[in-house]
Asker: 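So that we are looking at the same thing, I have put the structure below in C-alpha cells.
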Amino acid sequence: MNVFHEFKKIVAESLAEVSRRGGLSEDLDAQPFTVEAPKDPRRGDISTNVALAVSRLAGAPPRHIAERIVTELARHESVTRTDVAGPGFINIRLSDSFWRARLADVLNAGDTYGESGIGQGQRVNVEYVSANPTGPLHIGHARGGVFGDALAALLEKVGYEVTREYYVNDAGAQIVALADSIYHRYRALRGDNPGELPEGLYPGEYLNETAEQFARDGDKWLDAPRETRIESFGRRGSERMLAEIRKDLGDLGIRFDHFVHERDLHRDGTVASVIDALRKKGCVAEGILEPPKGKRPENWLPRKQTLFLSKNFGDDVDRPVTKSDGTWTYFASDIAYHHDKISRGYSELIDVWGADHGGYVKRMSAVVEALTDGDVALDVKLCQLVRVTRDGVPVKMSKRAGTFVTLREVLDEVGKDVLRFIMLTRRNDAPLDFDLSKVMEQSKDNPVFYVQYAHARSCSALRNARAAFDDVDLTAEALAKSDLTCLTDPGELALIKTLAAWPQSVETAAQAHEPHRLAFFLSELAAEFHAQWNKGNESPSLRFIVAENPSLSLARLALVRAVGFTIASGLRIFGVEPVDEMR
RNA sequence: GCGCCCGUAGCUCAGCUGGAUAGAGCAGCGGCCUUCUAAGCCGCUGGUCGCAGGUUCGAGUCCUGCCGGGCGCGCCA
C-alpha cells in the first residue's frame, strides 16, 4: 500500500463532503494538494496542505476549512488524532495497528516491495551510454551507464514499459579516423614504416589487435583504395570496439534491448527522408548563419546551408544538417535517430548524455517537438564528471587508453556492485568524487558498505533466530502472521513508518527521473536499523531475539525481515546484489 | 558576448517539483564493547541557503538583475 495515496483519497473524500454540506464551491477537488510525511514526526504521521490549497477558491480562511475537514477525517477508523497547525496544515496521527499492518504489506511483497502501476504500461525509451565505438569506455561512461540502467529499472518498477537503448555512432569522421588509426598500425606491422601517428588519430593500444587481424591478410591492404580500406577497417574496427564495449557493460550488469546503428540510418535512407519530411513541414530550409558573437571563429565564411529551424522551437540559433561537402552532419542523423525512436511508439524519450553535450539539449528538444507536434516528451539527463582519486590523489593515466581512466580498470578493482552504488550516490548533474580507496573501506563513511551491512545484519539476525528457536517457521508468510502487536517500542514503530514510506519514495524518484534519491533513502533506513539493533546492546529487552519470548521475537524478526526486503528492493533497482553476510 | 548546469554548516552533499523551527555524513568535543557482528550506536558544537530585488498566506525551491565556478557555442561526435 502507498499510504500517502491512500490518504490522499480519504482527504479528497472529506473535502468533497465538506464542500457538499457547507455550500462551498463545487470544483474544489480540482485543486492540487499534497499529502506527505511532516518533516518533524512529532507533528504527526501524515500532513496535508489541502485547506491552504483550496482556501482561495473556497473563499474561506484555511484554518476554518481545515477544522471542517478534520471532523470528517476523524471518522476514519485508523485516524487517532487530528490537528490543525500553523497557517492551516492538517496533521494526522494514525493508529499503531494501522502501521503494523503495513509491515505485513512488506512481508507479502518481498523484494518487489515498492512496485506500483502508476506508469500504466506507458512505453518509455531510455537511451544511454551511446559511446562512439572508437575506443574503450571510460569512467564517465560508467556513470551514464549505471544511471541509465538504474533509471530504466526504476521506471519498470512503477509500471512503465521500458526499452533500454544504445545508439551506435558508426558513421562519420570518427570512423574514418578509426580506420586510419588501424591502418597506421597495420602498416607498421607489415614493415611499411608509417612514421609518427598523425594528429587526430587514436593513440591507444587497444587497436593493435584489430590491426594484427588485418596483418594476417598479408600486404593486400597496403595498396587498397582508401575507400575500401575505410570501409573494411572502419567496420571491423568499430564492430570490435562495440563488442568490447558490450563486454564491459555486460560485466557491469548493463544490457540493452536495442541497438540502433547510425550507419543503417544513412544507408536505408532514413536520414534523407526525415529531413525531407521536416522540410515539407516548414521546419527545414536553406539559410545563412550568423557567426557566433564574441567567439570569432578564424575561418568563418558566410555560407548558404540546409538548416533545421530550431529557433522556432526555442533554440538560440538554427542548426545545420549538412556540412560544406554536402554530407549530413551528426545532428542530421541524430534527428533521424530520434524520429526512429518516435516511430516505435513511445510516450516519452529519455536521453542520458555527458554534461559536455549540454549545449545540444535545446536543439534536440526542438527536434522532438517538431517531429511530434509536442505529443512526445523528451527529457535529457546530463551526467557530470567523475573524478577518480586514490586516497585523495587524482588518478589520471590509463596504461591502455593513454589519457583517461577506463571503466574496465575501475570495475576490475572495486567490482560491479560498489561501482554501481557509488555512481548513484549523487545527483546526475553534480560532479562525483570516486575514491578507489574509500569505496572499499568497511566503515560508515562508505555508503555501499553501510547499506549492505544493514542487509547482512538482517540476514544474520534470522540465522541466529533459526539457531535459537527449534521448529519455528521464519518464512515471510509466517512472519506476516506473527503477533505484531508485540511491536510497541517507539524505535520499532518509527522503523515501520520509514518502511511504509518506501513506495512513495520509489514513485517520486521515478517521476523525477532521479534514482539517487533512493540511495539516500537506503542510507537513512540503514542508519535507523543499525540504531535499533544497537539499542539491544544497551537494553537486552529490546534485542530482536529474546530467547524466553518467542512471540515477541517473531514479531521483531518480521520487522527485521521487512527491513531486509526493503533494502533488497532498492538494491535491485540499482542492479546491486544484496549480500547475506560480510565476513 | 550568448546559452545551459551549479553555488546550502569548516569539508562532501541531501532537501520529495512552493510548506511549518533548513537536514545527513565527515572533521571537532564527550559518552557506549562479559555484544543478536562496536565494521556500529548516542549526545554536543556548527547556517545572512552566493548577493539584491520581486511574485504570495508562505521562497533554499518560482521570476528578474548582478557576483563566483563548470560545460558548450557552423563545416567533430
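Predicted, not measured: the structure shown is a model, and the values here were computed from it. Every chain is numbered from 1, with letters handed out A, B, ... down the list of sequences.
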Asker: What integer distance in Å separates A:Phe331:CZ from B:G74:P?
Answerer: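 Those two atoms, CZ and P, are 14 Å apart.
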Asker: Taking only side-chain N and O atoms of A:Asn464, does any of them lie within less than 4.0 angstrom of OP1 or OP2 on B:U37?
Answerer: yes
Asker: So if I take every side-chain heavy atom of A:Ala173 and compare against B:C4, B:G74, B:A77, which nucleotide ends up nearest?
Answerer: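 Given the options B:C4, B:G74, B:A77, the side chain of A:Ala173 is closest to B:A77.
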Asker: Could you check A:Tyr453 against A:Asn132 and say which one's nearest nucleotide on RNA chain B is further toward the 5' end?
Answerer: A:Tyr453
Asker: OP1 or OP2 of B:A24 sitting under 4.0 Å from any side-chain N/O of A:Tyr450?
Answerer: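 No, outside the criterion.
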Asker: Return no unless some side-chain N or O of A:Ser460 is found under 4.0 Å from OP1 or OP2 of B:U37.
Answerer: yes
Asker: Choose from B:G40, B:A77, B:G74 the nucleotide whose nearest atom is closest to any side-chain atom of A:Gln305.
Answerer: B:G74
Asker: What string of B, S and - do you get for nucleotides 12-20 of chain B, 5' to 3', if B is base contact, S is sugar-phosphate-only contact and - is no contact with any protein heavy atom under 4.0 Å?
Answerer: SSSSSB-BB
Asker: Under 4.0 Å: is that the gap between some side-chain N or O of A:Arg56 and OP1 or OP2 of B:C57?
Answerer: yes
Asker: Does any residue of residues 309-323 of chain A have a heavy atom under 4.0 Å from RNA chain B, and if so, which ones, in number order?
Answerer: A:Asp316, A:Pro320, A:Lys323
Asker: Side chain of A:Lys362: nearest nucleotide among B:G40, B:C4, B:G70?
Answerer: B:C4
Asker: Quick one: the dot-bracket string of RNA chain B, using Watson-Crick and G-U wobble pairs with both distances under 3.5 Å, [ ] for crossing pairs and | for bases paired to another strand.
Answerer: (((((((..((((.....[...)))).(((((.......))))).....(((((..]....))))))))))))....
Asker: For B:C33, measure the glycosidic angle (O4'-C1'-N9-C4 for a purine, O4'-C1'-N1-C2 for a pyrimidine) and name it syn if it falls within 90° of 0, otherwise anti.
Answerer: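 B:C33: syn glycosidic orientation.
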Asker: Under a 4.5 Å cut-off applied to non-hydrogen side-chain atoms, are A:Met423 and A:Leu432 in contact?
Answerer: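 Yes, their side chains come closer than 4.5 Å.
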Asker: Of the options A:Arg426, A:Arg387, A:Lys438, which is the one that meets A:Asp433 in a side-chain hydrogen bond (donor to acceptor under 3.5 Å, both in side chains)?
Answerer: A:Arg387
Asker: May I ask you to verify whether the side chain of A:Asp356 and the base of B:G72 hold a donor-acceptor pair under 3.5 Å?
Answerer: no
